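Working notes, beginning with the structure itself.
Lettering of chains follows the sequences in order, A, B, ..., and the numbering in each one begins at 1. This is a predicted model, so every value here is computed, not measured.
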Amino acid sequence: MFSFLVKRVLAGSLIVVMVSILVYALFWYGPKSPALELCRRDTNNRCTDAKLVDYEQKLGYDNPIYSEYGKWAKGLVSERKIEFGTTEYVCAAPCLGLSYRDRSQVTEQLKDRFPVTLSLALGASTLYLLIGVSTGVLAARRRGTLADKVLVASTLVFSSLPYYLVALLSFLLLTLSTSAFPEVQYVSFFDNPASWFSGLLLVWLVMGLYGATAYTRYSRGAMVEALSEDYVRTAKAKGLRSRTVVFKHGLRSALVPVVTIFGLDVAFLLSGTVFTEAIFDLEGIGKWGVEATYIKDLPVVQATSLILAVSVVVMNVIVDIVYSVLDPRVRLS
Amino acid sequence: MALPATELVGHDEQSAPPSEGERRAIAGRSPLRIAFDRLRKDPIAVVCFIVVLFFVLIAIFADQWCDLLGVSTETVRASDFIDFSNQLPKKGPPNHGFDPEHPFGVAPGTGTDNLAVWIKGCQTSMFLATMAAVLSTIIGVTLGLIAGFLGGIVDSIISFATDLFLTFPFLVGALAIAPILNERFATDPEKLRTVSFWALIAILTFFGWMGVARLVRGEVISLREREFVKAARVIGAPTRRILVKEMLPNLIAPIVISFSLGLPAYVAAEAGLSYLGIGVFQRESWGRTIAAATNWWELYPQYLLAPVIGIAILVVALNLLGDAIRDAFDPKTRR
Amino acid sequence: MKRTKAFAAGISATALALTLAACGGGGDDDTSSNSANNDDLSKGATTSGGKNPDAVGPAPELEGQQEGGELTVLAPDPDDGPALLDPAALWSVTDNGIAQDLLFRSLTTFRQGEDGSYELVPDLATDLGTPNEDFTEWRFTLKDGIKWETGDPVTAEEVAFGIKRSFDGDAFATGPGTSYSKPYFEGGEDYNGPYASGDDFPGVTVEGNDIVMKFSTPFPEMDYYSIFPAIGPVPLDAKAADYGLNPLSTGPYKVERFVPNQELVLVPNDQWDPATDPARRQLVDKYTFKFDFNPQIAGETVLSDAGATTVVTALQSTDYNKAQQDGLTDQILVGPQPCTGFVMPNFDKIPEVEVRRALAYAYDYENIWSAAGEVVGVTLANGVTDPDLGFGLLPPGMAGRTPFQGFDGEGISFDPDKSKELLAEAGFEPGEYEVSFVYDASTPEGEAAAEQRQRGYEEGGFAVKKYPYTAGSLYDVWTDPENALYKKINLLGTAWCQDWPSASTFMPVIIGTGSAYNTGNFSVPEVDAEIERIKLLPVDEQADAWGALEQSAMTDYQPVINTGYYQNIFGFGTSIQGLANDTSVGGAPDYRTIFISE
């Protein structure tokens, strides 16, 4: 177990490093360098060659890529001094650099925005499991009946629509036109738990209902399979109560595929939900990262990519551990 | 789990002994045949199959349908159809009755026929989503199967690659790659049209196979410890045979589900990318129509509903059909 | 500055990121009737309002004015608002509207007079400045009792320092300084602001409470230029790069929270003394600006109960139609903008004047606008929708302007036959002459507009090649001769707004040789010579001379094709009162007159 963990963490770190290098290189060697983009933006498209050289120097694009990447990476562990224009900024470790857009410290911004994304992820993932797995199990137990088909079909219709459309129309209809839900807003949990809950309720429901479909389908499929396994039949034959059989024996192994996608979904949720944040006007990580990609704000793109990479790696390890708990036959090696 | 009776495994034995007549009938039929017969008797499966076939036919013969119905996506003079005072059509929905020349009405602002756009959009969306779903399922299943079964160094490498792709930010990639292509082929619009379309399929595939791969790997890790696989190993069955004959049939459920979930997900992803301005262009697609029609949801709901209903029906039919197919192949199902 | 700032994708093929700023004179648009009628534009996006050197604070009380309430202003995507709130860097309709009305006082400013027109009034200065005979020296006297939000007094040295900062084209490249400070001030070309060139600059000096400016080129419009925040005070210890993130206010509000391009929250500044300020008011308790906002949500919000105290700076055409349909016209205001959009034929590639004229008749104006999602005759309009507007360079209302009605004076419309005739005159059969253009393919509207445009050209006898572009702003292509697409196309474009009600902020930019926004490279020595001649004419003769040049250049050369004059649609909640279109900054809500009723 321990050596497994060490191995996974090492491999995970390697992945994180590789992704951050790839993202860095994608921008560095892309057709429009961040320096050009920023220069055009600052000068209303009147970026002269001399000015571009100036911007490249300012942002370090005249240096070799490895030395700039090295500086960035070093900032993660030690304090860094960054010169921007005429000012020198002190960026305390872990330093993710300064946003090109507003010269704010990326690390500080991240601290502001991550709680929003984390709140969304918590609520949404809880609903994924609650709604998805319960309807899945229900459908599996009524397999082949009309109830099964209706349950499956209704979750499908909802999630067959493009997500941004569902989110947008729910928002317009449920908060603006009818005020069926309280105004959507983010309030820190520690400031006011009640407002935190009511402000995000609609968002969670939209995300949860939309995302739960996959869980309904997977848990139904796996449950059907599990319920016809020998050991479940044996348990039934022993005379165990149907409920015990379903939940103790069936659900346990049916959760294996569910856990896989759940781990990934949580990782993706933690790296930000672009459409949700954009439509409900919540300042999380997803919207931040996409906006930064448009304007080639490399330090911010790096930071958001890093969040995604770390989330995926961590969730992967957790998922593998959960596998071994759910299914004792799985060896961790 | 369509395994021949001669296999040295016990998991496929029917729990209730078939009656004498049934036994004779089954003995003479291949597993495929059994599944097919079962499907044929399942009314939901038949209906869903017809629906999917209907969409497939629309997609394949899109041009012929347009000719047959007398509609076209050609640019028309907007003022012939549009009332500039409110940008809505002069004839047909939403403010006037049914217009037989344009059964779905015409688009606000431009006057382009909605039915023709819907048919062509169906073609684009079906093709795009099918290609992406097929390719990502093939890649995902193959890699997942190999990684899960072989384990060790192979598993480590494949898992590493999977994780690398998973960790790479999809939107950053798409947003960064789209302008690169656009600049590269900017001066050749025809080529750009083709290249950008296949690039979109490639992007969707590249960033879509990992889920399947991980799912399959997880299942295989759990399967390979099972008695029937161990037994097959003991008797010295070659790896390829074990993978294809023992493992794959057990994976039909997750594969069918992920395919039938993946297909609509790609249709939706295309719509999402359209919304961000990096979807398909210079051709019609449901995603694009939805992106354009979202603004009109109150003033001209029919415009938005046509592609939305198209997607919804297709997705539900595909999924229910997927379920039915899965069930039909499952020897444990008793009817 | 820009009318809207689109980075990844323009909102449509015609509604381009207009680059240029603000500052019109008084418009005489009728603000008391908030109906969305289309007559506003023909009355003029701008007219040269009067000057009132004797105006003193406090600002006159508004009819029914009330205090209190919190106001939300939504600026829909692609308007992403200020990146920096540095006085020297501000040059955009949205940003200047906020900064000039609420935060930064400058030497002069505009205010809405009792008849609704905008007049130039003193702000930090005691009057509108005293020029010498030939406008090569201006002297302004600073009022007493002006304070920073910190309570410290504002000094003449700080005003001079602020003006000197505008010369730093490097640190404040988006600011107006490179266009108006550097070319006119004595020694301005060589002076790069206090950070790069030191504080010693003879062009701007302080004598007691007076700020003295010296010019090498006569600058009769310095009193207009003084409405820019760049001609106002900045603390002497302000850093070049950071000040715009934490600026100090002299106006009725101060910054509580500023997230660049995203959010700006303003609260009342208790150090602001209304007695010194003839234009501004402090009626609302809090302003929250949100930039780059989802346009659809913005529109739905402002027309619903939830948006009673909300203002939207640019409604979509669908929301406009919805408001019309639901009888909510008293919640929208159509505001003219002193801006014109152009197709610019590349002068070297299309040298035949008949062909350039033919292009004006082959552009299917209304259908292109409609496909682009514009409200025909409202958000975009020209002689096609209202003959009085014409098809010229200068926006309606500009002094000296006569509406251009085509080379034959008979007006222009989409007329394929006339286009073919003109092509035949130049010796081309239908389908022989190829035109090519680049369009924004990232939105369905952009593509639809390009298709309508192609159809129009083809009906007009042209062969058409169109190039989709999704990699950024179309200006990337139009302004970059090295771009591969630039080399392929022969039709380019630009959209331009005036800086103040003078054609001198328009004509040289569009048809002067070498101007960055003369994207068609139009270049005729006689026209250039005339531009230089007019610049040196007495002030009161200039307007008519510019108007005459517009007529002759358009008639003789057709250097550009007018693709419409712009109007903005503002939306406002049911509790909002006093919303006016501030033409003095180029068409933004006038935050000096808004209040919330109970």
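Atom CD of B:E298 sits about 9.0 Å away from atom CG of C:L303, to the nearest 0.5 Å. Between the OG1 atom of B:T110 and the CD atom of C:E447 there is a distance of 11.5 Å, given to the nearest 0.5 Å. With rounding to the nearest 0.5 angstrom, the CG atom of C:N483 is 9.5 Å from the OG1 atom of B:T187.
Taking C:A448, C:A484, C:G456, C:A441 one by one and counting their heavy-atom pairs under 4.5 Å with chain B, the maximum is reached by C:A441. The candidate from C:P468, C:P295, C:A371 with the greatest count of non-hydrogen atom pairs under 4.5 Å with chain B is C:P468.
Of all heavy-atom pairs between C:D364 and B:R77, the closest is OD2-CG, 4.1 Å. Here the shortest heavy-atom pairing between C:N367 and B:S79 reads OD1-N, 2.6 Å. Shortest non-hydrogen contact noted between C:Y467 and B:A186 is CD2-O, 3.4 Å.
Heavy atoms closer than 4.5 Å to chain C are found in both the backbone and the side chain of B:T294. If you measure heavy-atom distances from C:S436 to chain B, you find no contacts under 4.5 Å at all. There is no contact between C:D319 and chain B, counting heavy-atom distances below 4.5 Å. For C:K488, the part sitting under 4.5 Å from any heavy atom of chain B is the side chain, from C-beta outward, and nothing else. With a 4.5 angstrom heavy-atom cutoff, C:E366 touches chain B via backbone and side-chain atoms both. At a 4.5 Å heavy-atom cutoff, C:Y486 makes no contact with chain B through either its backbone or its side chain.
Considering only heavy atoms from C-beta on, B:T75 stays 4.5 Å or farther from C:Q454 through its side chain.
If you check the side chains of C:N321 and B:Q87, you find a donor sitting under 3.5 Å from an acceptor. With no hydrogens or angles considered, a side-chain donor-acceptor pair links C:Q316 and B:N295 at under 3.5 Å.
A donor-acceptor pair is defined here as one N or O able to donate and one able to accept, closer than 3.5 Å; such a pair exists between the side chain of C:S370 and the backbone of B:G109. Of the possible polar contacts, none joining the C:Q325 side chain to the B:L299 backbone as a donor-acceptor pair under 3.5 Å is found.
Counting non-hydrogen atoms of other residues, nucleotides and ligands closer than 6.0 Å to CZ of B:F84 gives a total above 12. Residue C:D326 places its CG atom among more than 12 non-hydrogen atoms of other residues, nucleotides or ligands, all under 6.0 Å distant. Around atom CZ of B:R283, more than 12 heavy atoms belonging to other residues, nucleotides or ligands sit under 6.0 Å away. Within a 6.0 Å sphere centred on CH2 of B:W297, other residues, nucleotides and ligands contribute more than 12 heavy atoms.
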